[in-house]
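What follows is one structure encoded as structure tokens, with my remarks underneath.
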Amino acid sequence: MSAGTRLENANPLIYQRSGERLLTANEEDDGVPDPIDDREIFDILCYICRKVLHTVYSTLTPCLHHIRSINDPEHPLSLEELNVVEQVRVKVNDEESLVSVEFTPTIPHCSMATLIGLSIKVKLLRSLPDRFKIDVHITPGTHASEEAVNKQLGDKERVAAALENAHLLEVVNQCLSTRPV
Amino acid sequence: MKDTLQLLHRLSAHPDSRCWYVAWSPAPCWLPAAETELSGFGVKKGTVGTVSACCQMDTREPSEKSPGHPVEIIWHPPASMPPPVSGKKLMATFRKSVHSGTFQLKVLDLFFPQCLTVLEGHENEVKCVAWAPSGNLLATCSRDKSVWIWEVDEEDEYECVSVLNSHTQDVKHVVWHPTKELLASASYDNKVCIYKEEDDDWECRATLEGHTSTVWSLSFDADGQRLASCSDDCSVKIWKECETVDGSVDGSWKCVCTLSGFHSRTVYDVAWCHLTGALATACGDDGVRVFREEAASEAEQPVFNVSAHVSKAHSQDVNCVAWNPKEAGLLATCSDDGEIAIWNYHSDA
């Protein structure tokens, strides 16, 4: 990670968050099994998103207070607000047990891309039933090392090894913790 | 598809962790309480990234009747594990210490769980180990991008005779030619390298390029004239040693067949049965497939067809396939779901 004191992207574009999920009558009825759909996965992602960027930046860059200044602790920027994840880029096929997420790094040289991708992948691995195949990719054309990052996130030996790295696991866990930031 | 893969036995080998590797023991063996005994070596179970290896013997009978109870061994680092060799020995790779950054390979006695030898040298996880047919040479490969060749003398002393740095990324798999001292390695750099000893020095004789993503595993056919490779690009390729006009070989290899369109996700393992010639694959789509070569197809353009396919052979990725070396048609598979399955491949042809 960059040891510089300058933020890579000090003034990110901020996007509107999508509205709350509307519950259908079937979903409220406990007798009807709900299929896992795009929105549900997206909600899982948004839930963790509030923590992810904040933790990633505050743990790995020496400019914590700088981030805090742009990041109101009451309303920390979420990955959704930064358009890192969008619902249209989350594809779920419950029947075939496939989940695919494309995420968009805020800038094409974002050095956090692998860590953001890894956090998303780990969160989904922990949240979804084991039967799901989880593919996490960078939105095509949005990152300089897109292919290398995608290949790394797709290699389960490398993902398993990364999670054996105590330091990295701690960072990922911080990204995913439900404690308030 | 005229042939069948019939499930004989399913073992929940590692309920809490993935099973990366399955191998047939060369002789019936039984190792009681393998987990407990081996825990003295720092083996853990159930933590993130813990992996496991198993040997399984004589599976045609239910385990309570058979002395061939499954041997269960849990390995620590995420590496594809070790074939049992020359009767008793089993290799395991262990990370010595997360902090010191050194890595070890341990030779274990399968019958009396104890560590016989520790091999050090690789700078990162050891991914795969393989014995040469002679039993005197051992090849290891690692995420440190290197392939090491070790010589073993009669006193069980291991000496590194060569460090090969032909790959530019993690080396995932090494396999020896079934009769010659010829070694092949597969890597994250999408390539396969073939090594041979030349004037007391090991060197890369051929680089096989064609896959468009990580090559996960390799398997030679019975006489070693062809090599199958499988990849994250969802294909399997068959490579053949080139012959010159006078029938001799010059050490170069070419791709004579690509099996694409059959697998929908990464192909993690491929195994060529040396008894029947059938080619089995382990796929990230949970399926196990067996391919057969068309009898009439030409040597330079072989045609392979799927002869058996079990689409949900496991409930998660299938990581490894292994044909029993003595019993034709007996196939073992293992999966991220922690289970080992034993199949009987039956061909009417």
Side-chain angles (χ1 to χ4, degrees), chain A residues 36 91-101 114-115 117-138 140 145-177, chain B residues 15-18 20-21 44 47-52 76-80 95 97-99 101 103 124-128 142-143 169-173 187-190 212-217 231-234 264-266 268 283-286 311-312 314-317 319 335-339:
Chain A
I36 294 174
K91 302 256 187 319
V92 177
N93 185 333
D94 191 23
E95 221 160 90
E96 308 259 322
S97 301
L98 298 172
V99 171
S100 138
V101 175
T114 312
L115 188 58
L118 185 64
S119 300
I120 292 173
K121 182 139 190 168
V122 170
K123 179 63 188 181
L124 293 176
L125 284 169
R126 289 178 185 170
S127 310
L128 291 170
D130 290 338
R131 66 184 163 92
F132 277 96
K133 307 288 179 194
I134 297 157
D135 294 315
V136 177
H137 291 130
I138 290 181
S145 317
E146 179 186 324
E147 227 172 278
V149 174
N150 286 345
K151 192 171 182 182
Q152 201 156 357
L153 291 171
D155 184 317
K156 64 182 183 181
E157 274 186 0
R158 283 202 171 192
V159 169
L163 298 179
E164 284 200 341
N165 176 324
H167 174 66
L168 196 52
L169 183 63
E170 193 185 321
V171 174
V172 168
N173 281 335
Q174 277 174 24
C175 290
L176 302 179
S177 81
Chain B
D16 304 319
S17 58
R18 35 171 60 148
W20 290 99
Y21 191 90
K44 283 193 292 184
T47 53
V48 176
T50 299
V51 293
S52 40
H76 185 49
S80 28
R95 177 176 292 163
S97 155
V98 175
H99 304 291
F103 294 83
N124 209 323
E125 296 148 32
V126 179
K127 294 289 182 193
C128 182
S142 162
R143 191 171 165 181
Q169 294 286 344
D170 322 12
V171 188
K172 296 289 195 187
H173 196 87
S187 165
Y188 190 88
D189 69 9
N190 308 352
T212 55
S213 190
T214 306
V215 186
W216 277 94
S217 186
S231 163
D232 182 52
D233 68 13
C234 304
S264 58
R265 295 183 70 84
T266 305
Y268 286 111
C283 185
D285 66 7
D286 308 346
S311 59
K312 291 284 169 204
H314 286 274
S315 63
Q316 292 181 57
D317 295 7
N319 290 325
S335 159
D336 275 355
D337 64 14
E339 291 188 338

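Because the structure is predicted, anything quoted here is derived from the model rather than measured. First the proteins, then the strands, lettered A, B, ... as listed; each starts at 1.
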Requested in this report: Sort B:Tyr268 into side chain, backbone, both or neither according to what part of it lies under 4.5 angstrom from a heavy atom of chain A.
Outcome: side chain

Query raised in the report: Which heavy-atom pair separates B:Tyr188 from A:Lys151 by the least distance, and what is that distance?
Result: O-NZ, 2.5 Å

Query raised in the report: Do B:Thr266 and A:Lys156 have side-chain heavy atoms sitting under 4.5 Å apart?
Result: no

Requested in this report: Drop me the distance from A:Leu98's CG to B:Arg265's CZ, to the nearest 0.5 angstrom.
Outcome: 6.5 Å

Report task. Start with the C-alpha distance between B:Arg143 and A:Glu157, add both sets of side-chain angles, then the distance that settles side-chain contact (heavy atoms from CB on, under 4.5 Å), and finish with yes or no. Result -> CA-CA 10 Å; B:Arg143 191 171 165 181; A:Glu157 274 186 0; over 6 Å; no

**Report entry** Partner chain B: residue of A:Glu96, A:Glu147, A:Arg158 with the largest heavy-atom pair count (under 4.5 Å)
**Finding:** A:Arg158

Query - Verdict with reasoning, B:Asp336 to A:Lys133, per salt bridge (charged side-chain N to carboxylate O under 4.0 Å, His left out) - result: CA-CA 11 Å; B:Asp336 275 355; A:Lys133 307 288 179 194; over 6 Å; no

**Report entry** Region of B:Thr214 that comes under 4.5 Å of a non-hydrogen atom in chain A
**Finding:** both

Query - salt bridge (charged side-chain N to carboxylate O under 4.0 Å, His left out) against B:Asp285, all qualifying residues, sequence neighbours excluded - result: B:Arg289

Requested in this report: Take atom CD of B:Gln169 as the centre, draw a 6.0 Å sphere, and report whether it contains more than 12 heavy atoms from other residues, nucleotides or ligands.
Outcome: yes

